[in-house]
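Labels below follow one simple rule: chain letters A, B, ... track the order of the sequence lines, proteins then strands, and each chain is numbered from 1. Nothing here was measured: the structure is a model prediction, and the numbers come from that model.
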Amino acid sequence: MSAVLKEETVYQASKSGSMRNDRRRALGWSYFFLVLFVIFFLTPPIYMFITSLKSSAEVGAVTNPWWVYHPTLENYQALILSGEYRTFFYNSAVVSVVVVIVTMLISVPAAFALARMKFWGSATLAMGVFLTYLIPETLLFIPLFKIFAWVNDTFDIQLINHWWVLIVIYPTLTVPFCTWIMIGYFASIPKELDEAALIDGAGYFQMLTKIFIPVALPGIIAATIFAFTVSWADFLYPLAFTTSADQMLLPAGIYSTLIKGDVYAWGQIMAACLLGALPPLLIYAFLMDYYIAGLTAGATKG
Amino acid sequence: MAAVPAAVPAAASRRGGLRRLARRKSTVAFLMALPLILLVLGLVVYPALYSIHLAMLNKSLERFVGFANFSFLFTRETFWLVVKQSCIFAISAVVFKALIGFCVAHFVHNVPAKGQRKWRGMLLIPWVIPPAMSTLGWFWLFDPSYSAFNWIFVRLGIPSVTWLGDPDWARFSVILVNVWYGAPFFLIMYLAALKSVPEQLYEAAAIDGANWWQKIWYVTLPMMRNIISITVLFSLIVTFANFDIVRILTAGGPIDKTHVFATWAFLVGIQGGDISLGAAVSLFMFPILAVAAYFILRDISRRGNEA
């Protein structure tokens with residue numbers, strides 16, 4: 001607080017005393033409401049953590065639900081030893097990593113072409129990429145389901161109930177937004193840079209790999225994080241397209257296999273959710289600035 | 001490489017070279033964008049159009065029935081419940097997300113710059129946790145016999161609430177969870193926008209004797225107009241098409257009172273096996289989203305032209 005006051009006095013030295021009081025009061029209220037909202041925003045994850053440390057006997061007991069009397073790691077242990085949960089985790093990890101790579105291979109060259117190399121219909125296509133965002137996955141899963149059935153009938157390739165089919169569909173969720181972000185980043189690179197590269201005899205491919213990708217690297221990292229978190233979190237497609245437990249991804253897997261009616265497995269379910277949320281949370285903890293850049297870039301550049 | 005010798009010869013050959021370059025450039029560009037075009041056409045545009053076709057077939061998908069599925073939906077009471085609930089859900093959730101995001105962004109902005117990172121870091125956590133997993137946490141918080149909220153309510157002498165059992169409370173609960181999940185997104189967007197408002201504008205307003213409310217109304221809001229439009233557009237689309245939260249919390253119940261288009265389409269189309277009717281249900285999301293997008297995009301481009 002003393003640092004705050006010092007800063008205030010430095011900045012506000014020239015202003016009148018009543019104004020300084022106003023600002024200090026505003027600061028106090030800001031802290032008050034921030035604490036209130038932090039409590040609101042963090043209650044569910046903290047409660048999930050509390051529950052995850054309880055044994056099923058304690059979950060079912062009539063005690064203070066907000067406190068753990070006998071903390072235990074047995075839920076986490078059971079999950080890590082459970083082949084089923086490990087399969088979900090493994091499926092999710094493979095799908096997310098492959099989707100990130102596919103997304104980047106599609107959206108970076110496309111964004112470069114749309115931002116820098118105009119061609120017939122490129123402006124329309126850039127608009128179309130944005131509009132693709134308006135078609136939600138909830139509108140596409142039924143026709144996709146039917147298309148998969150048709151593929152099975154015609155080519156005898158079973159697409160439903162295979163986790164790898166999600167590698168084919170997830171790019172529809174990630175590519176439009178990543179391309180949109182990358183168009184913004186590429187467009188903000190000064191034209192003089194590519195002119196200099198052209199004069200030095202660089203081709204378009206070299207221009208992309210030697211100049212655009214290194215300069216726009218923060219944007220690429222942001223897009224990568226976005227693609228990873230989206231494919232890690234998606235729930236509808238795995239729920240609609242996978243049915244057997246060995247083909248499921250984390251969110252759908254937890255939802256369909258761990259919830260077993262009236263059994264007090266809630267400690268384990270909460271542990272499964274927290275472990276499942278760990279990869280995006282870790283990425284967020286270490287790469288917060290890129291994460292936020294990815295969120296905001298898409299819209300501020302629009 | 002052509003630029004240096006081209007300075008000496010006639011202008012005609014330079015123009016020819018440039019044209020060739022442009023032609024090559026556009027071909028290369030088209031090839032680079034081709035995977036994107038194929039993906040969008042094959043897995044977004046084609047399925048979207050195909051779902052219109054599906055919605056006009058009969059249940060066994062053999063006969064073309066025109067708008068029979070739609071007119072059948074209009075006679076179903078559940079359909080009108082879904083329309084009503086989808087609108088209540090999307091509009092109230094977006095309004096509260098935007099309001100909370102706007103207010104909390106101001107609180108974070110007021111705090112000294114050093115501490116802002118820490119607050120922002122904590123406040124964005126709901127957005128980072130995959131919604132299917134955090135919603136399971138909420139589901140457990142709302143549990144009929146073990147609700148941790150009700151435990152507090154009982155201690156405070158407030159009657160306990162049947163969060164997901166009573167239709168009205170269930171509607172409130174799904175909106176609450178959606179606001180909890182989505183408000184941090186607005187917060188981050190508005191915070192970024194607040195930082196881009198020049199400080200001089202506030203100083204000028206202060207010299208003119210503006211109070212805090214007038215500063216928000218005449219300086220902050222006009223400066224943030226674009227970002228507010230875009231975030232509301234994005235959020236309206238995502239919220240209207242929401243599936244995870246409603247599916248996990250209530251699965252549409254009690255007595256279909258919390259179904260939104262996505263969950264009902266899933267129930268009818270995938271679980272019920274009536275692909276054509278499910279496609280018809282999900283198609284109702286599209287016009288509403290298109291209208292919202294049209295208005296907000298028009299608004300943005302008009303603002304852009306004035307500036």
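Among B:Pro47, B:Gly278, B:Pro35, B:Gly42, the residue making the largest number of heavy-atom pairs under 4.5 Å with chain A is B:Pro47. Annotation: maximal heavy-atom pairing with chain A below 4.5 Å, among B:His53, B:Arg120, B:His106, occurs at B:Arg120. Your options are A:Leu125, A:Leu139, A:Ile106, and the one with the most heavy-atom pairs under 4.5 Å with chain B is A:Leu139. The greatest number of non-hydrogen atom pairs below 4.5 Å with chain A, out of B:Ile152, B:Thr263, B:Leu34, is found for B:Ile152. Interface remark: of the candidates A:Cys273, A:Pro251, A:Ala233, A:Cys273 forms the most heavy-atom pairs closer than 4.5 Å to chain B. The candidate with the highest count of non-hydrogen atom pairs below 4.5 Å against chain A, out of B:Leu141, B:Ile37, B:Val108, is B:Leu141. In terms of heavy-atom pairs under 4.5 angstrom with chain B, the leader among A:Pro143, A:Ala113, A:Pro45, A:Ala110 is A:Pro143. No other option in B:Val238, B:Leu283, B:Ile100 has as many heavy-atom pairs under 4.5 Å with chain A as B:Ile100. In terms of non-hydrogen atom pairs under 4.5 Å with chain A, the most contact-rich of B:Leu124, B:Ile237, B:Asn110, B:Val104 is B:Leu124.
Heavy atoms of B:Ile248 lying under 4.5 Å from chain A belong to its backbone as well as its side chain. For a residue to count as touching a neighbouring chain, one of its non-hydrogen atoms must lie under 4.5 Å from one of that chain's; by this rule A:Tyr291 touches chain B with the side chain only. Heavy-atom distances place no part of A:Val102 under 4.5 Å from chain B, backbone and side chain included. Interface residue B:Ile270: only side-chain heavy atoms are found under 4.5 Å from chain A. Residue B:Phe284 does not touch chain A at all, counting heavy-atom pairs closer than 4.5 Å. Of the two parts of B:Trp180, the backbone and the side chain both hold a non-hydrogen atom closer than 4.5 Å to a non-hydrogen atom of chain A. Neither the backbone nor the side chain of B:Val45 comes within less than 4.5 Å of any heavy atom in chain A. At a 4.5 Å heavy-atom cutoff, A:Leu105 makes no contact with chain B through either its backbone or its side chain. Heavy atoms closer than 4.5 Å to chain B are found in both the backbone and the side chain of A:Val168. For B:Phe261, no part sits under 4.5 Å from any heavy atom of chain A, backbone or side chain. For A:Phe112, the part sitting under 4.5 Å from any heavy atom of chain B is the side chain, from C-beta outward, and nothing else. For B:Leu123, the parts lying under 4.5 angstrom from a heavy atom of chain A are both the backbone and the side chain.
Judged by distance alone, with hydrogens and angles left aside, the side-chain atoms of A:Tyr284 form a donor-acceptor pair with the main-chain N or O of B:Gly121 at under 3.5 Å. Looking at B:Trp119, its side chain never comes within 3.5 Å of a backbone N or O of A:Leu34 through a donor-acceptor pair.
Surrounding CZ of B:Phe286 are at most 12 heavy atoms belonging to other residues, nucleotides or ligands under 6.0 Å away. Environment of CZ in A:Phe205: sparse, with no more than 12 heavy atoms of neighbouring residues, nucleotides or ligands closer than 6.0 Å. More than 12 heavy atoms of other residues, nucleotides or ligands shown are found within 6.0 angstrom of NZ on B:Lys195.
Residues B:Cys103 and A:Phe33 are not in side-chain contact: their nearest non-hydrogen atoms beyond the backbone lie 4.5 Å or more apart. B:Phe149 places none of its side-chain heavy atoms less than 4.5 Å from the side chain of A:Tyr47. The shortest distance between side-chain heavy atoms of A:Thr138 and B:Phe240 does not fall below 4.5 Å. For the pair B:Leu43/A:Leu140, no side-chain contact is recorded, criterion being any heavy-atom separation below 4.5 Å from C-beta on. Taking the side chain as every heavy atom from C-beta outward, B:Met122 and A:Phe41 never approach each other to under 4.5 Å.
In this structure, the separation between CG on B:Leu39 and OG on A:Ser107 is 10.0 Å, given to the nearest 0.5 Å. From A:Phe145, atom CZ reaches atom OG of B:Ser51 across 15.0 Å, with rounding to the nearest 0.5 Å. Atom CH2 in B:Trp151 sits 9.5 Å away from atom CH2 in A:Trp66 (nearest 0.5 Å). Taking CE from A:Met48 and CH2 from B:Trp140, the interatomic distance works out to 12.5 Å, rounded to the nearest 0.5 Å. Annotation: the span from B:Asp143 atom CG to A:Trp266 atom CH2 amounts to 7.0 Å, rounded to 0.5 Å. How far CZ of A:Phe235 is from CZ of B:Arg247: 7.0 Å, rounded to the nearest 0.5 Å.
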For residues 125-138 of chain B, please give each side-chain donor-acceptor pair under 3.5 Å, one per line with the distance, not counting sequence neighbours.
{"unit_1": "B:Ser134", "atom_1": "OG", "unit_2": "B:Pro131", "atom_2": "O", "d": "3.3"}
{"unit_1": "B:Thr135", "atom_1": "OG1", "unit_2": "B:Pro131", "atom_2": "O", "d": "2.5"}

- Task: Take A:Ile142 and B:Phe266 through the side chain to side chain contact (heavy atoms under 4.5 Å, CB included) test and state the conclusion after the steps.
- Result: CA-CA 8 Å; A:Ile142 289 177; B:Phe266 187 87; over 6 Å; no

- Show your working on side chain to side chain contact (heavy atoms under 4.5 Å, CB included) between B:Val44 and A:Glu137 and close with a plain yes or no. CA-CA 9 Å; B:Val44 181; A:Glu137 52 173 347; over 6 Å; no

- Assess whether side chain to side chain contact (heavy atoms under 4.5 Å, CB included) is satisfied between B:Met32 and A:Leu114, documenting all intermediate values. CA-CA 9 Å; B:Met32 285 171 111; A:Leu114 292 176; over 6 Å; no

- Item | Criterion side chain to side chain contact (heavy atoms under 4.5 Å, CB included) on A:Leu144 and B:Tyr50, from CA distance to verdict | CA-CA 9 Å; A:Leu144 283 173; B:Tyr50 186 50; over 6 Å; no

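The two residues B:Pro112 and A:Tyr31 make their nearest non-hydrogen contact at CD-OH, 3.5 Å.
Evaluation of the salt bridge (charged side-chain N to carboxylate O under 4.0 Å, His left out) rule for B:Arg155 yields no partner, not counting sequence neighbours.
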